[in-house]
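All chains are named by letter (A, B, ...) in the order of the sequence lines, taking the proteins before the strands, and each is independently numbered beginning at 1.
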Amino acid sequence: MKALVCVKRVIDYNVRIRVKSDKSGVETDNVKMSMNPFDEIAVEEAVRMKEKSQIQEIVILSIGTDKSQETIRSGLAMGGDRGILVKTDKEQLEPLTVGKIIKAVSDKEKPDLIILGKQAIDDDCNQTGQIVATLLDIPQATFASELKKNDDNTLEVTREVDGGLETVKVNIPCVVTTDLRLNEPRYASLPNIMKAKQKKIDLLEIGSFGIDIKDRLQVLEVNEPPERKPGIKVDDVEALVNKLKNEAKVL
Amino acid sequence: MKVLVIIEHDNETVKQSSFSTITAAKEISDSVEALVLGQGLDSVINELKKSDHLKKIYMIDNELFKNPLAENLSNAIQKFAEGSDYTHILSPSSTFGKNMSPRLSALMDVQQISDITKIISDDTFERPIYAGNAIAKVKSSDQIKIITVRSTCFEPCALNSSVDVESLSVNLDTNSSVSFVSYDKSKSDRPELTSAKIVISGGRGMQNGENFRLLEGIADKLGAAMGASRAAVDAGFVPNDWQVGQTGKIVAPDLYIAVGISGAIQHIAGIKDSKFIACINKDEEAPIFNFSDYGLVGDLFELLPKLEEKL
Ligand SMILES: Cc1cc2nc3c(=O)[nH]c(=O)nc-3n(C[C@H](O)[C@H](O)[C@H](O)COP(=O)(O)OP(=O)(O)OC[C@H]3O[C@@H](n4cnc5c(N)ncnc54)[C@H](O)[C@@H]3O)c2cc1C
Ligand SMILES: Nc1ncnc2c1ncn2[C@@H]1O[C@H](COP(=O)(O)O)[C@@H](O)[C@H]1O
């Protein structure tokens, strides 16, 4: 089996976000960038399946600027075999566009399993995996917290849903999107980081796909969220209950 | 303009988030209709019929929709909407909507607008990005707008009406490449996290699942829902569907009580719209205090029993 893992370069989850003063977006200059955390979980899952010999090849795909090569390299250092970068100058693409590109790459690569994060922590869209599955007309198992490969070429996937856990069975090929509990991603070891430098990354121009990448959703402005009024510290439990009853009137 | 609301339910009751989505739809247009897909829908329809603002309810009662498989649902909704004059299709931004709606948007070649928190006009909306650390105002140029709605930002509609219901049949093959296996529903007599008036959550500071009993007593007294931080869920203290935050559930109760939670941005993202936030934490430097209206510094194991007693 061959796995295609989709990884996005995003502002690191620990960075304090600053909105640009001209409201055009958020500050990305000199800001630490990392692989989207859910995509690390996706890479990790593929690597574990390869270690169990359920997967033979792992291809790491990113669509983004030249700098996304670093993100692909991180995936290769974790255990990916080779990379594909679909290059664009646009800093952000919409999920529908990204989904169409991933579909086009999949048509050529013919992976058995496509793993994505459930959500990119920059746009917080939670769409791309579902779009890819729909465009390829293959089943989806989103928000996965457990994956089990059966002998009959199906996957049994436990999904984190609002009311508990749902399990579905999907035929391979399929799309899986990862949730936090699926695994704990490894840190790449130094030797593996060195080895990853030798691994191949194919560069493709986004223009070569003949896909319209114009935004359907125009960002008019980006604002700071409303701030919460600063609160107070109370001395003891009695004071807390008193405030909640008489000031906030919520008890 | 005409808005279609996709109703989330469990074949027994309508989810509160559906009523909030109806309110959002009404802000876009006076012409709002609802579509319900499921199996054995009598009680769902009886409840939904009462919704204010709805002009009509369409129902498709079919074994195909006994379990909410996104593949079947999105195909059926697309068939239903095809050739109709809906300008907007709204679903709640729950795991149900998140799973299904992007499929619908891909089938209709529309760029979905996820998790809207405010309606500016029929084509312009606000939605949080970067865990709510920024708010984007976005304008859609798609012919049909496909949207998921953050339910905590819209009051549920009132239930004083009696709406017309039309039952439809569907001509659809089951998708044979996906099947439902099981649903492990977390059992709870407490109110739903996302619609409760009071929520009390525990974090890593609770140390283990047993200790959540200390919160239970308080939740019982207050009729509160219970939640948790990611750290508490990851450590297995409580079930996954208790996770509150950017990538878990968004809550906006009148009162949120955070116990043994440090206040990471990903957690704050899920609680920021609460009317009042109170916290208990032994580290007076913990970021949670910056977001709390009332902060109590101290050891939770000492303070929680006292709190329960005083309530
Ligand atoms: C991609 C991604 C998504 C995430 N999504 C979410 C999300 O949706 N929701 C979420 O919550 N987190 C999320 N996180 C995790 C988040 O970054 C934090 O790691 C997490 O919220 C920390 O949980 P905590 O506050 O319980 O634990 P900690 O940060 O360890 O805090 C524990 C707190 O308990 C206090 N404490 C300890 N003992 C006591 C005591 N006896 N009495 C009183 N206080 C005590 C400590 O002072 C400390 O402040 C996400 C992270 C990533 C990378
Ligand atoms: N530009 C991109 N390149 C590669 N993968 C992406 C890209 N954008 C999104 N993805 C994948 O889609 C997932 C969900 O993203 P989103 O739908 O934007 O929340 C991410 O976790 C990635 O796995």
Side-chain angles (χ1 to χ4, degrees), chain A residues 11 13 17 19 26 94-96 99 118-119 121-127 130-131 133-135 138-140 142-143 145 156 160-171 180-181 216-225 228 230-234 236-238 240-241 243-244 248 250-251, chain B residues 70-71 74 94-95 98-99 102-103 105-107 111-115 124 128-142 175 177-186 230 234 239-241 246-247 254-255 272 275-276 278 289 291-297 303 306-307 310-311:
Chain A
I11 296 182
Y13 79 97
I17 298 296
V19 172
V26 309
E94 294 178 342
L96 186 62
K118 83 163 176 181
Q119 171 175 348
I121 60 162
D122 52 0
D123 64 21
D124 281 336
C125 274
N126 197 328
Q127 300 179 9
Q130 297 86 315
I131 293 171
T134 309
L135 295 179
I138 58 176
Q140 71 184 35
T142 54
F143 326 146
S145 64
E156 209 156 289
E160 295 201 1
V161 295
D162 284 340
L165 292 170
E166 184 192 82
T167 305
V168 293
K169 196 159 97 178
V170 287
N171 289 1
L180 295 169
R181 256 67 64 181
R216 313 275 190 90
L217 257 194
Q218 187 194 351
V219 178
L220 300 179
E221 55 186 56
V222 173
N223 288 295
E224 302 262 3
R228 284 190 73 88
I232 55 161
K233 289 206 172 97
V234 293
D236 51 30
V237 166
E238 258 159 48
L240 177 63
V241 173
K243 289 282 184 196
L244 293 176
V250 285
L251 294 188
Chain B
E71 289 82 351
S74 54
S94 53
T95 51
K98 286 171 178 168
N99 193 35
R103 294 189 62 89
S105 75
L107 290 170
Q111 174 52 57
Q112 171 180 297
I113 313 158
S114 290
D115 211 18
T124 306
I129 53 177
Y130 295 92
N133 288 298
I135 310 290
K137 191 188 276 182
V138 293
K139 183 179 161 120
S140 164
S141 60
D142 278 312
N175 190 321
S177 59
V178 52
S179 58
F180 174 86
V181 176
S182 63
Y183 180 36
D184 185 3
K185 189 175 171 191
S186 32
R230 175 190 173 180
D234 281 4
N240 63 281
D241 59 322
Q246 175 191 16
T247 61
D254 291 341
L255 173 62
K272 252 201 297 216
K275 276 210 191 90
F276 289 91
F289 286 106
F291 299 93
S292 299
D293 300 276
Y294 308 113
L296 185 53
V297 182
L303 295 172
K306 281 191 197 158
L307 180 60
K310 287 278 183 288
L311 289 170

Task: Check: T95(B) main-chain N/O paired with D162(A) side-chain donor or acceptor under 3.5 Å - done: yes
Task: Side-chain donor or acceptor of S140(B) paired with backbone N/O of L217(A) under 3.5 Å - done: no
TODO: Give the minimum heavy-atom separation between K98(B) and N126(A), together with the two atoms involved.
DONE: CD-ND2, 3.6 Å
Open item on the list: Between Q119(A) and chain B, with a heavy-atom cut-off of 4.5 Å, which part of the residue counts as in contact: side chain, backbone, both or neither?
Closed with: side chain
Open item on the list: Quick check on T124(B) against chain A: is it the side chain, the backbone, both or neither that has a heavy atom closer than 4.5 Å?
Closed with: side chain
Open item on the list: Under the rule for salt bridge (charged side-chain N to carboxylate O under 4.0 Å, His left out), what residues qualify as partners of K169(A), not counting sequence neighbours?
Closed with: none
Task: Minimum-distance pair of heavy atoms, taken over all atoms of Y130(B) and D124(A) - done: N-OD2, 3.6 Å
Open item on the list: Tell me if a side-chain donor or acceptor on K118(A) pairs with a main-chain N or O of T247(B) at a distance below 3.5 Å.
Closed with: yes
Task: Interchain contact, A134(B) with chain A, by part (heavy-atom threshold 4.5 Å) - done: both
Task: L244(A) side, atom CG; F276(B) side, atom CZ - distance, nearest 0.5 Å - done: 8.5 Å
Open item on the list: Show the nearest heavy-atom pair for residues F291(B) and R228(A), with the distance to one decimal.
Closed with: O-NE, 3.3 Å
Task: K139(B): partners by side-chain hydrogen bond (donor to acceptor under 3.5 Å, both in side chains), with sequence neighbours left out - done: none
Open item on the list: As an exercise: rank S141(B), P128(B), S74(B) by heavy-atom pairs under 4.5 Å with chain A and give me the winner.
Closed with: S141(B)
Task: Side chain / backbone / both / neither for D115(B) at chain A, heavy atoms under 4.5 Å - done: neither
Task: Top contributor to chain B interface from L165(A), D236(A), I11(A) [non-hydrogen pairs under 4.5 Å] - done: L165(A)
Open item on the list: At a 4.5 Å cut-off on heavy atoms, which part of V26(A) comes close to chain B: side chain, backbone, both, or neither?
Closed with: side chain
Open item on the list: Using a 4.5 angstrom heavy-atom cutoff, name the option from P95(A), G163(A), P230(A) with the most pairs to chain B.
Closed with: G163(A)
Task: Contact origin within K275(B) toward chain A - heavy atom pairs under 4.5 Å - done: backbone
Task: Atom of V178(B), atom of P139(A) and distance for their closest heavy-atom approach - done: CB-CB, 3.9 Å
TODO: Between chain B and each of V219(A), T134(A), I138(A), V170(A), count heavy-atom pairs under 4.5 Å; write down the option with the most.
DONE: T134(A)
- [ ] Could you look at N240(B) and say if it's the side chain, the backbone, both or neither that has a heavy atom under 4.5 Å from chain A?
- [x] both
Open item on the list: Is F289(B) close to chain A through its backbone or its side chain, or both, or neither, when contacts mean heavy atoms under 4.5 Å?
Closed with: side chain
TODO: Using non-hydrogen atoms and a 4.5 Å limit, figure out which bit of L240(A) sits close to chain B: side chain, backbone, both or neither.
DONE: side chain
Open item on the list: Need one label for E71(B): side chain, backbone, both or neither, based on atoms under 4.5 Å from any heavy atom in chain A.
Closed with: side chain
- [ ] Please report the shortest heavy-atom distance between D241(B) and G164(A), naming the atom on each side.
- [x] OD2-N, 3.8 Å
Open item on the list: Taking every non-hydrogen pair under 4.5 Å, which of V19(A), D123(A), L135(A) racks up the most with chain B?
Closed with: D123(A)
- [ ] Find the one option among Q130(A), Q140(A), K243(A), E238(A) whose heavy-atom pairs under 4.5 Å with chain B are most numerous.
- [x] Q140(A)
Task: Under 3.5 Å side-chain donor-acceptor pair for Q127(A) and S105(B) - done: no
Task: Closest non-hydrogen atom pair between I17(A) and N133(B), with its separation - done: CB-CB, 3.8 Å
